[in-house]
Amino acid sequence: MFIKVNKDKCTGCETCLSSCPYDAIIVKDGKADITELCQLCRSCLSVCPEGAIFEVEEEADKKEKAQGSGVWVFAEQRDGELAGVSFELLGAGRRLAEKLGGEVSAVLFGGSAAGAEELIRWGADKVYHCDDGMFGAFNDEPYAGLLAELITQYRPEIVLAGATPIGRSFFPRVAARLKTGLTADCTSLDIDGETKNLLQVRPAFGGNIMATILCPHTRPQMATVRPRVMKRGEYDASRKGEVVKIRADNVKSRTKVIETIREVSEMSVNLQEANIIVSGGRGMGGEKGFQLLFDLAEALGGCVGASRAAVDEGWIPYRHQVGQTGKTVGPKLYIACGISGAVQHLVGMQSSDIIVAINKNPDAPIFSVATYGIVGDLFEILPLLTKKIKEVKGA
Amino acid sequence: MKIVVCVKQVPDTAEVRINPETNTLIRDGVESIINPYDMHAIEAGLQIREKTGGKVTVLTMGPPQAENALREAISMGVDDAVLLTDRSFAGSDTWATAYALSKAIEHLGADVILCGKQAIDGDTAQVGPEIAEFLDIPHIAYIRKIEDVKEGRIVVQRLMDEGYDLMESSLPVLLTVVRELNVPRMPSLKGKMAAKKAGIKKLTAADIGAEESKLGLRGSPTQVRNIFAPEAKRDRKIIDGTNEEIIDALVKELTGLKCL
């Protein structure tokens with residue numbers, strides 16, 4: 001497919017220019033032209049008052065779709081423990097498989113036999129398990145090599161991984177090798193009723209816009225899925241399935257993990273698993289301001305998060321960052337303090353159950369997603385709130 | 001040591017918004033910048049050169065106006081700048097982009113290839129690892145520290161969710177870098193002068209020997225079907241009063257919802 005301009009109809013009115021997210025339209029000699037920046041997002045098609053912008057189908061668009069069946073999810077383990085996103089992927093994979101027909105399989109590299117069984121109870125019909133010692137620590141080449149081998153052998157239709165540092169690092173290698181499409185960091189997946197293609201929705205431009213991506217002609221359709229966005233599948237302790245043992249005979253690695261260093265302080269634990277998060281932004285003014293948040297988080301038994309602005313200022317380390325370029329969280333309670341609410345932050349926390357926003361600016365966008373809004377001075381309110389929580393909890 | 005840094009020219013995305021009624025983008029006054037993560041990759045390239053000697057080449061794929069990004073990189077002190085530009089790249093997704101860049105890197109030759117961890121417009125983080133796969137070399141993503149680099153071997157720290165991994169790789173290698181790695185230097189006056197005068201080398205699809213069927217739209221497995229505005233939700237309840245009243249009311253609400 002291509003987007004073209006009918007030069008006879010075009011009046012050079014420039015209406016289309018602002019519709020293009022990629023700056024791909026130029027007006028030259030009084031006529032619009034689509035440049036090589038075009039990503040075929042179709043945004044411009046409807047805006048032309050003259051109807052001069054149109055799409056051209058190509059022969060290649062009609063070619064036969066590659067074959068494949070079943071949904072695979074890559075079950076990530078760290079230090080032998082299954083990552084929570086694995087269960088979310090099984091939930092998502094099950095919903096897709098119901099619309100397509102076919103099985104849901106999990107792929108587990110490293111980890112234990114008990115872990116493989118656990119994946120079945122979370123919804124896998126089949127688990128491809130390789131417990132070779134080389135998969136204990138994460139290395140891109142062996143992970144990519146063995147997964148590409150398995151996909152070539154068994155031909156699934158869809159392959160999903162968590163959009164974690166691991167999934168986002170090695171899945172691109174697999175897609176490149178198999179000459180198939182990969183969509184990063186999806187927040188929603190569905191099946192097109194007509195074509196049966198996977199509809200992959202993801203944020204772009206720092207979360208300011210959403211895009212639906214297709215991989216129409218090649219298989220498998222591959223995607224990484226943002227953790228904490230999809231619902232887990234149903235856990236069934238009596239569920240039965242098959243574990244297929246896999247050997248890694250042809251797998252090489254030119255990188256080596258010398259040592260894994262944990263840097264998690266007691267307070268910061270894993271933000272993504274936290275039930276309560278107290279988060280701060282530029283309005284906290286500095287490290288001293290963040291101490292108020294740590295005090296409140298401690299009283300509540302929660303973790304401290306931060307906006308990108310606060311992390312960029314160097315007030316708190318990156319691993320506390322919530323948002324598009326940080327972590328996506330979904331706690332029961334999220335208290336946003338001195339955070340204005342840039343879209344890039346909102347996409348990382350708006351699925352929280354209850355959101356409390358405290359900000360001195362009543363027009364801050366954070367209030368648009370807040371359950372409770374408080375307009376006021378953080379440096380007065382936070383110490384009082386911490387004191388009150390301690391009283392309530394102590395009682 | 002031959003070092004190639006891949007950069008992308010991106011719109012300053014904090015300003016991009018979508019009009020929810022017309023579903024079109026509002027992008028008045030949005031400037032183009034070098035992808036911020038790529039600035040750290042340029043700095044890393046310069047620091048490696050300072051240690052081992054060699055040459056830093058900055059490479060971008062894009063339209064002719066992407067030359068501005070390359071001139072900015074030259075002002076920071078890189079030796080060479082290459083613009084990969086051709087109409088046949090139109091509509092490239094990450095697969096086709098990585099293929100074209102990998103052919104250009106093959107053409108240039110490299111021991112260390114540096115990329116930002118992701119671009120702030122697409123946010124995919126896929127092009128770096130895909131380039132490594134096309135070149136059949138190893139890659140390590142999310143580099144926050146380069147501990148040691150010498151002929152044939154590099155030791156780095158890879159940022160992970162719960163800490164970091166100390167990793168070793170053979171060369172050539174591709175690294176994608178995070179902000180913690182360094183603070184990008186400001187252009188020097190001398191650098192700015194050099195940037196004005198510098199010749200930008202241009203490469204086309206034919207120059208790098210790329211296969212037509214793997215380029216642009218035709219070579220791209222994925223397509224964008226449509227774009228739309230993220231939905232806003234939730235009705236807020238503003239809690240008013242003196243600070244004491246506010247806190248009493250909030251704690252009462254949260255207790256009622258069993259949040260505490």
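Lettering follows sequence order; numbering is per chain, from 1.
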For side chain to side chain donor-acceptor pair (under 3.5 Å), just list the numbers for A/Y318 and B/E180, CA-CA rounded to whole Å, side-chain angles, deciding distance to a tenth of an Å, and then say yes or no. CA-CA 8 Å; A/Y318 169 75; B/E180 287 91 326; over 6 Å; no
Passes side chain to side chain contact (heavy atoms under 4.5 Å, CB included), B/D248 versus A/K388? Steps please. CA-CA 8 Å; B/D248 281 346; A/K388 180 81 182 175; 2.9 Å; yes
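- Looking at every heavy atom in both residues, B/L254 comes nearest to A/Y372 through CD2-CE1, 4.3 Å.
- Once rounded to the nearest 0.5 Å, the distance linking OG1 of B/T222 with CD of A/Q221 reads 11.5 Å.
- In this structure, NZ on A/K256 lies 10.0 Å from CG on B/L166, to the nearest 0.5 angstrom.
- Residues B/P221 and A/G181 come closest through the heavy atom pair CB-N, 3.2 Å.
- Between B/D165 and A/R78 no salt bridge is recorded (no basic side-chain N to carboxylate O distance below 4.0 Å).
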Run the side chain to side chain contact (heavy atoms under 4.5 Å, CB included) test on A/T325 and B/Q118 for me, step by step, so that the C-alpha distance in whole Å, both residues' side-chain angles and the decisive distance to 0.1 Å come before the verdict. CA-CA 9 Å; A/T325 46; B/Q118 66 200 55; 3.9 Å; yes
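- Minimum interatomic distance between A/T212 and B/F228 (heavy atoms only, all atoms of both residues): OG1-CE2, 3.5 Å.
- Counting all heavy atoms, side chain and backbone alike, A/K179 lies closest to B/G219 at NZ-O, 3.9 Å.
- A side-chain donor-acceptor contact under 3.5 Å links A/R168 to the backbone of B/T124.
- Taken from CZ in A/F138 to CE in B/M167, the straight-line distance is 8.0 Å, to the nearest 0.5 Å.
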